[in-house]
Each structure stands twice: as C-alpha cells, then as structure tokens.
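One structure is given below, encoded as structure tokens.
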Number of protein chains: 2
Amino acid sequence: MSGMNKRRITSKELAKLAGVSSATISRAFSPDSRIGRATRDRILAVAREYGYQPNAIARSLNNQRSRLVALVVNAIGNPCEAEEQQLLVHRLQARQLLPIILCCADHSDRLQLMRLASTYQVDHVVVFSDMVSMQDAVDIFHTTKPIIVSFEPLENENVSSIRIDGSEAADEIIEKIVRDGKKRFAYLSGTNSSWIDKLRRRWFAEALAKRGLSFEAQAFGDYSYDSGFKEAVLLLHRDKVDAIICGNDVMAIGARDAARRVLGKSTPGDIAIVGQDGIAMAAWDCNDLTTLSLDHTAFIDAVVELIERHDAEIEGPHSITLTCSPRWGSTA
Amino acid sequence: MSGMNKRRITSKELAKLAGVSSATISRAFSPDSRIGRATRDRILAVAREYGYQPNAIARSLNNQRSRLVALVVNAIGNPCEAEEQQLLVHRLQARQLLPIILCCADHSDRLQLMRLASTYQVDHVVVFSDMVSMQDAVDIFHTTKPIIVSFEPLENENVSSIRIDGSEAADEIIEKIVRDGKKRFAYLSGTNSSWIDKLRRRWFAEALAKRGLSFEAQAFGDYSYDSGFKEAVLLLHRDKVDAIICGNDVMAIGARDAARRVLGKSTPGDIAIVGQDGIAMAAWDCNDLTTLSLDHTAFIDAVVELIERHDAEIEGPHSITLTCSPRWGSTA
DNA sequence: GCCGTTTGTGTAATCGTGTGCACAATCCAT
DNA sequence: ATGGATTGTGCACACGATTACACAAACGGC
C-alpha cells in the first residue's frame, strides 16, 4: 500500500474503472453539478480506493484560476513580519488558497523572482516587503491580473493598499517622553531607502515639531538586533542623545542592551527607547518594550478583506486605513 | 502601459506576431534546443515587447514537473524553525524552485492541507514539523512521488531523512552543570507527543544516567515563551530543581525570566538553564543562553543535498546524520 | 398516450506548452 | 557535383482536467 512508486491515477483511468466517462468523474468532484446521487457516491468510493484526487495543475490551466497566492516578504525569520505572515497563511489555508513565499532578503534578484512567480498565474499578490518598488510589482504582475495588496499606496486599479497611520500613537509616546524630561532625540532607521521607514519617521518627527523639537541625530541599521546595538552605541556616545526611536522592535532591543551593557545606562530613567511593530517578543518579561504597535489581527483582516473583494469582483474602496496605538513597557 | 488589464498573451498569439509556429516559440525559451540563433533573438525581442513569458502551469502539466516544493512547518513566526526556513527558501529560489508553505500550527487540518498541496503535484516535500506523522505524509504524497525530507527517520524508499545526534553535546553540557554542583534536573518538553522531543530528552537523560543521575521532574510546554515561564515557576517552586533543560531556546528564555523575576534566582549561580536549537536570538546580549545548537547552514545543506540527489535520480544513502555542539552562554 | 421539462451522461473542444516525427534547407567532404 | 550528415522549422499530439452541447431516459400533467 504505502511505499509504492505508484504513478498518480488520472481521471480517464478512474473513469474506466468506474465504468463512466472522464467528464462524469469531474462532475463527481464539483459540488454543484448535474450528476446522479448514486453515480457520485460510487465514483467517490472508487476514487478513495485508488487514491484519486483531481490534478490541480490541469484544473488551473482550464479554470484560469490557480488558487495560488504570492507573498512577497523581506525575510521569514524576521519577527516583525512573521506574526502577520503566520496569520495570513492561516487565513489563506482556510480558504483553500496556497501561499507561495517570495523572499526578497539580501541580494536575491527580486524582479526575476517576481517574474518567476507570475508565470505560475498566481491569483493574488500580497507585498509585505518594502524592498520592492510597487511599480515594479504592478508591471510584472499586471499581465496575470492578480490583485496586489501592499503597504505602499499607489494609484492603480490593480493595487489595493493598506494605509497605516501611527501619528496619534507617536504623539502620545513623544508626549510621555518629553514630559519625562528627555531632550535629545535620535531616529534609528531600518533602511535608508524604504517607503515605510520614511513614513514612520515622519510620525515621530511631526510629534516632535509640534513641541518645538526635532531629531538631533539619525542612524541607519538593517532591522537586526546587531545593527540596533551597534548604532545605539554610536548615538549614545557620539551624539549624547537621551531618547532613541527605533524603526522596529528588534533594533530597539539591541539598542536597549547597548545602553545597559556598554554605557551602564538604565531605561527609562537615563534614556528612553521606543520600538515599532508590537511583536510578541517585545512584551516578554525580559524585554518589556515601549513600542508603537499595530494590531496584527486587524491588519490581516484588512488584507483578507481586500482579497475577498477582488475575488468576488466587488467594487469598493481599494484602500483601508488602520491606526496604531502605543504599548507601554519599561523602556520609555 | 501599466495599469492595463491586458490578458496574458499566449505562445500561439506570439507565434503569429513573430511569424513562426508556437513550437518555435517554445524552443526559443528552451536553452538547449535546435533553433536558429537569429530566430531565437527575434522571438525574444518580440516576447519582451509584448511581455510574454511561458505559462508555468501549462508547462508543468506537460513536463510532469511543477518546480513547486511543499514545506511543512509548524509555524512561520517560530524562531526555532524560522532560520532554517529562511535559508532553505533562499536555496530553493536560487534553483528556480518555488516553496509552498503548509502551516500545521493550531487546529488546522494538517491532513487535508497536505492533500491539497499534493494535488499541485509538488516535486518535493520537506517536513520540518513534528506535528505530522511521517507515515501520513508518505501516504498522502506517495501518489505524486516527490521526495520527502524529514527529521523523523522512516524506512521507506520515498523518504530521505536527516538524523540529528546531540548526544555528545548533551554530555558536555551535563558534565559542566554537574561539575558546577547542580543536583536536581528537570526536563521541560515542548510537546508531550512529538518524536523529536523524545529524542532530545533521551540525549540528556543518557548523559545523566552515565553519572548516576536522572530527571527529578518533567513538565510539558508548547515551545512558547509563556509556557516556558509558567512551567519553570512550577518546577522551581514545587519540585525545587536547580537545573532545567528546555526543549527549545524560546522556552529557556521564558524559564530564565521566571527564575529571575518570580524567584529572584540568578544563572548560572543558583540554577542552570539550557536551551536547544541555537537560534540567533539566544546569543543576544540580553539572553546569552547556553544551548545545544545545531549548525543551521549544515542542516539546510543536507536538505538541499538530499533534494538534489533525488532530482538527479542519483541513488545514494537516503539519510544524513548531523551532530550538534554546545554553545556556551551565561545560563549554565 | 403524448408532449414538454427535468435529469443524467457521453462527446469533443479547450486551456498553453513541450516534443517526437517529418521534411526542407544547408553544409561538408570527397 | 553528389551523397550523407547536420540544422531549422512546422504539424500534430499529449499532459489532465473542465464544460458547452447533444441526446437519451425518466417524469409529470392533461
């Protein structure tokens, strides 16, 4: 039974075994289809016996619908995206959609990768990564006409976007830090080019401006713990800042460790450190980070909502806006 | 140009445009194929102009080769697997293979999910998850005849496995802890049923047995920080142990925090805590965990090696064994 | 008993490529 | 110049399913 290198049985072969035509086999597997009750039961029984399942590749070719979804992400391990990826994958699976991961990290050729995925006629594309230009994504995928859900707003009928607004939350956080007496702020970016990074920085910059302040220094990391640690040492030592707003939580943890270990400073007493994302790890007892967090569930709900709208060809706003909220810890 | 809902152009249409037959179009895209140099160049130019790319779904149907790889994982966010997932995805992408993620976490119906993926005629299956029985995987995928790479050894010509041996490393770690004077050991499992968990526990149990010791207590978590924290409180309080071997690094960090915060104990002075996996986060300054670690790169090299062997239909041992090594931190 | 409707099934075309076979054209050696 | 080998291209079929259409059988109302 098991272990055999049995070739997969085809619908035509099963048809012969069940004494029907291959069309009838197909109908037996289509829920609402004109077929006799008895015939269907018999076919399903024989199918089970021989381990037959319709070939999804052939079905996709005929259907013009692959039920594949491309997820364009920066990295898989990265906690900042991981929780959302996890949620989304579950939601897709529940809808019988299979996710194909496109990982843009490092120097992999993102464009070639996206072109490869587009040849698989994916039904939808969800772009989490800020490493890829939305215009590139549209150009590559528009021939296959999937919907593209993305962080980055782009006026295009093929793109639905999710706008994130953290300005209020940033304002609350800055308010608290300023009240605590901090004066010299630094922003630690995750990249020096991404769209989302600039947006996040602007939220805080505006909150500072409102109070007659501005960033005294800016550094660039790569969203990693190590880069957070290294850049924070420089910021604290060279620029004498007493508050660091980080591009994500992981760098914030690195920065906090740098403050503690290298310079013997404490939070939030000596310096304030703020993360962004609101990953689960940030709430761990050993981290207890103050962070500008996004409701991951709401975010993924929005993604799924946009996908469904497009699936059902419902016209509607192609953009959903979500707001962030502060999560208070012991670092600011 | 962009934004148009242009339907994807087919090889037959492109053939008309280029004044050749569709067979010639196909040959233009097959690297080693009898076709005139000039013809190919002309076709590629026209193809670029119209944005033509061969349809991978149709190609797969014809080829009997989908270039899709199913990755069966517990979760995406889970750091213990994430690093390996990340590495593997990169290696696959470099080979023009696209990964389909099957996420087994929670109560999703793993079997149905695997059946769904198998209908897509995946070329390979890599099982990272210990939540799924290898026999189930074989039964579901054997009809499509992919190779299955798995942790769990199973004598079956369709399964290649990677055996992990951490007994020596466990021995070194126990040696150090015993020498430090610890006497009462506990094992904190990640699950109460998985194959890999039992294996890991045995490494340490044997090292203890060699010294006339054994586990005084055993607890069961779910690989999460919270469960590590909660179970450690019980173990330390109720069972008065002074050394906890954890099923993974994340639980170890939780246990360490519990020891520190709830009971005011320090490591490695008061109690010893050991993790497993060797994830990057374990080496962060704030964690500095002692852990039994596996070389992730070597692991993924092995996976890729097995995949390639099968791809090239090279016969060879279907099993590769890797050994672990201790990574010393300040918790044991 | 007869005709219109519903139900169930088979036939054949279709989805978009890849490739064996056939055949014309070109090339090279003698 | 000629025969054989090589090169380049088209035709037609296969891959495995779905589905419009046709048609036979069953059914129901009068």
Side-chain angles (χ1 to χ4, degrees), chain A residues 6-44 46-47 50-68 116 118-123 143-145, chain B residues 6-44 46-47 50-68 116 118-123 143-145:
Chain A
K6 218 177 351 182
R7 193 177 51 75
R8 190 180 190 86
I9 195 176
T10 84
S11 93
K12 205 167 296 185
E13 297 173 299
L14 189 71
K16 196 150 293 175
L17 290 169
V20 294
S21 81
S22 75
T24 305
I25 300 291
S26 171
R27 284 189 265 257
F29 283 88
S30 300
D32 40 341
S33 171
R34 291 202 332 202
I35 185 178
R37 169 79 190 216
T39 318
R40 162 171 284 151
D41 290 347
R42 182 163 45 91
I43 289 180
L44 291 183
V46 182
Y50 288 89
Y52 171 82
Q53 296 257 117
N55 181 326
I57 296 289
R59 168 186 288 166
S60 301
L61 178 59
N62 184 295
N63 274 352
Q64 312 280 54
R65 190 129 191 290
S66 65
R67 305 196 70 86
L68 295 174
L116 176 59
S118 95
T119 65
Y120 279 81
Q121 321 291 353
V122 293
D123 290 340
T143 49
T144 134
K145 192 174 178 273
Chain B
K6 218 177 352 180
R7 194 177 52 75
R8 190 180 188 85
I9 194 177
T10 83
S11 91
K12 206 167 294 184
E13 297 172 297
L14 189 72
K16 197 150 293 176
L17 290 168
V20 294
S21 80
S22 76
T24 306
I25 300 291
S26 172
R27 285 190 264 258
F29 283 88
S30 299
D32 40 340
S33 171
R34 294 202 329 202
I35 185 179
R37 170 78 189 217
T39 318
R40 162 171 284 152
D41 290 347
R42 183 163 45 91
I43 289 179
L44 291 183
V46 182
Y50 289 90
Y52 171 81
Q53 294 257 117
N55 181 326
I57 296 288
R59 169 185 288 167
S60 301
L61 178 59
N62 184 297
N63 273 352
Q64 310 281 57
R65 189 129 192 289
S66 66
R67 305 196 71 85
L68 295 174
L116 177 58
S118 95
T119 65
Y120 279 81
Q121 321 292 339
V122 293
D123 289 341
T143 49
T144 136
K145 191 172 180 276

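Labels below follow one simple rule: chain letters A, B, ... track the order of the sequence lines, proteins then strands, and each chain is numbered from 1. Note: hydrogens, waters and symmetry copies are ignored here, and every other heavy atom, side chains too, is used. Not measured: the values here are computed from a predicted model.
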- Taking all non-hydrogen atoms of both residues into account, name the closest pair between A/Gln53 and A/Arg8 and its distance. CB-NH2, 3.0 Å

Residues 30-38 of chain A side chain polar contacts: donor-acceptor under 3.5 Å, at least two apart:
{"unit_1": "A/Ser30", "atom_1": "OG", "unit_2": "A/Ser26", "atom_2": "O", "d": "3.3"}
{"unit_1": "A/Arg37", "atom_1": "NE", "unit_2": "A/Asp41", "atom_2": "OD2", "d": "3.4"}

- Query: Which residues satisfy the side-chain contact (heavy atoms from CB on, under 4.5 Å) test with B/Gln64, sequence neighbours excluded?
  - Reply: none

- Item | Minimum heavy-atom distance between B/Ile43 and B/Val20, given as atom pair plus value | CD1-CG2, 4.0 Å

- Query: B/Ser60 and B/Ala56: which non-hydrogen atoms are nearest, and at how many Å?
  - Reply: OG-O, 2.7 Å

If you restrict it to nitrogen or oxygen atoms, what contacts under 3.5 Å exist between nucleotides 26-28 of chain C and the protein, and what is each distance?
none

Identify each atom pair where a protein N or O and an N or O of nucleotides 12-19 of chain C are less than 3.5 Å apart, giving names and distance.
{"unit_1": "C/dT14", "atom_1": "O2", "unit_2": "A/Asn62", "atom_2": "ND2", "d": "3.3"}
{"unit_1": "C/dT17", "atom_1": "OP1", "unit_2": "B/Tyr52", "atom_2": "OH", "d": "3.0"}
{"unit_1": "C/dT17", "atom_1": "OP1", "unit_2": "B/Asn55", "atom_2": "N", "d": "3.3"}
{"unit_1": "C/dT17", "atom_1": "OP2", "unit_2": "B/Ser11", "atom_2": "N", "d": "2.4"}
{"unit_1": "C/dT17", "atom_1": "OP2", "unit_2": "B/Ser11", "atom_2": "OG", "d": "3.1"}
{"unit_1": "C/dT17", "atom_1": "O5'", "unit_2": "B/Tyr52", "atom_2": "OH", "d": "3.3"}
{"unit_1": "C/dT17", "atom_1": "O2", "unit_2": "B/Asn62", "atom_2": "ND2", "d": "2.8"}
{"unit_1": "C/dG18", "atom_1": "OP1", "unit_2": "B/Arg59", "atom_2": "NE", "d": "2.5"}
{"unit_1": "C/dG18", "atom_1": "OP1", "unit_2": "B/Arg59", "atom_2": "NH2", "d": "3.1"}
{"unit_1": "C/dG18", "atom_1": "OP2", "unit_2": "B/Ser26", "atom_2": "OG", "d": "2.6"}
{"unit_1": "C/dG18", "atom_1": "O5'", "unit_2": "B/Ser26", "atom_2": "OG", "d": "3.4"}
{"unit_1": "C/dG18", "atom_1": "O4'", "unit_2": "B/Asn62", "atom_2": "OD1", "d": "3.1"}
{"unit_1": "C/dG18", "atom_1": "O4'", "unit_2": "B/Asn62", "atom_2": "ND2", "d": "3.3"}
{"unit_1": "C/dG18", "atom_1": "N3", "unit_2": "B/Asn62", "atom_2": "ND2", "d": "3.4"}

- Which residues share a side-chain hydrogen bond (donor to acceptor under 3.5 Å, both in side chains) with A/Asn55, sequence neighbours left out: B/Gln121

- Query: Atom CZ in A/Arg27, atom OG in A/Ser21: separation rounded to 0.5 Å?
  - Reply: 6.5 Å

- Message: What is the distance, to the nearest angstrom, from the CZ atom on B/Arg34 to the P atom on C/dA25?
- Response: 16 Å

- Message: At a heavy-atom distance below 4.0 Å, which nucleotide of DNA chain D is the first touched by chain B, and which is the last?
- Response: D/dT7 to D/dG16

- Message: Suppose we screen for side-chain contact (heavy atoms from CB on, under 4.5 Å). Which residues come up paired with B/Arg67, at least two apart in sequence or across chains?
- Response: A/Tyr120, B/Arg65, B/Gln96, B/Leu97, B/Asp123

- Query: Do you know which two heavy atoms are closest between B/Pro54 and A/Thr119, and how far apart they sit?
  - Reply: O-CB, 3.5 Å

- Kindly give the heavy-atom pair with the smallest separation between B/Ala18 and B/Val46, and that separation in Å. CB-CG2, 4.5 Å

- Query: Closest heavy-atom contact between B/Val122 and B/Ser66?
  - Reply: CA-OG, 3.6 Å

- Can you name the side-chain contact (heavy atoms from CB on, under 4.5 Å) partners of A/Leu44, sequence neighbours left out? A/Phe29, A/Arg40

- What bend angle does the helix from C/dG1-D/dC30 to C/dT30-D/dA1 show across its length, from five-pair end axes and to the nearest 10 degrees? 30°

- Item | A/Leu14 CG to A/Tyr50 OH distance, which is reported to the nearest 0.5 Å | 8.5 Å

- Message: Using a 4.0 Å heavy-atom cut-off, does B/Ser60 contact any base of the nucleic acid, only the sugar-phosphate backbone, or nothing at all?
- Response: nothing

